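Written below as structure tokens is the structure these notes are about.
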Amino acid sequence: VTPIPANPTSANQSRCGDGSVTFSANGATAGLVYRWYDSGNNLVKTSVDNNDNTFTTNSLTTTTNFSVAIFNPSPSPGCESGRVSIQAII
């Protein structure tokens, strides 16, 4: 039985004017990766390892929601934590 990973920690990010923002997350240990999702729950990035803990958005013009989870890929098909909601505040 594969245990469900703990939820990651992350925080909203803001900027003045249009552009991209970079989120970071914490909580994944060796063997686990981060999965980043857009507001439509589409997977937009899977980290290469637990140290790859950032995600930079495309250029944004309005406040946009994202979420991040920790994924344990082994054994297949893997197991994902709960998703933590975060906002890019423009």
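Numbering of residues begins at 1 and proceeds along the displayed sequence. Given the structure is predicted, the values throughout are model-derived calculations rather than measurements.
Summarising the hydrophobic clusters (Ile, Leu, Val, Met, Phe, Trp, Tyr; side-chain heavy atoms under 4.5 Å, direct or chained), the residues clustered with Ile70 are Val21, Phe23, Leu32, Tyr34, Trp36, Val44, Phe55, Leu60, Phe66, Val68, Val84, Ile86, Ile90. Hydrophobic cluster membership of Tyr37, counting Ile, Leu, Val, Met, Phe, Trp and Tyr whose side-chain heavy atoms lie under 4.5 Å apart directly or via other members: Leu43.
Atom CZ of Arg35 sits about 10.0 Å away from atom OG of Ser81, to the nearest 0.5 Å. A distance of 11.5 Å separates CG of Asn7 from CZ of Arg83, quoted to the nearest 0.5 Å. For the atom pair CD1 (Ile89) and OG1 (Thr62), the distance works out to 12.0 Å, reported to the nearest 0.5 Å. In this structure, OG1 in Thr57 is found 12.0 Å from NZ in Lys45, a value given to the nearest 0.5 Å. Atom CZ in Phe71 sits 8.0 Å away from atom SG in Cys79 (nearest 0.5 Å).
Shortest non-hydrogen contact noted between Ser20 and Arg15 is O-NH1, 3.0 Å. Closest approach of Thr63 to Gln87, counting heavy atoms only: CG2-NE2, 3.8 Å. The minimum heavy-atom distance linking Asn72 with Ser74 is given by the pair OD1-O, 3.0 Å. Between Pro8 and Gly82 the shortest heavy-atom distance is CD-O, 3.9 Å.
By the neighbour-count criterion of 12 heavy atoms within 6.0 Å, atom CG of Asn58 is sparsely surrounded, having that number or fewer from other residues, nucleotides or ligands.
Looking only at atom types and distance, the side chain of Ser85 has no donor-acceptor partner in the side chain of Ser67 under 3.5 Å away.
Judged by distance alone, the side chain of Ser47 and the main-chain N or O of Asp49 form a donor-acceptor pair under 3.5 Å.
Using a 4.5 Å cut-off on side-chain heavy atoms (C-beta onward), Asn26 and Asn53 make contact.
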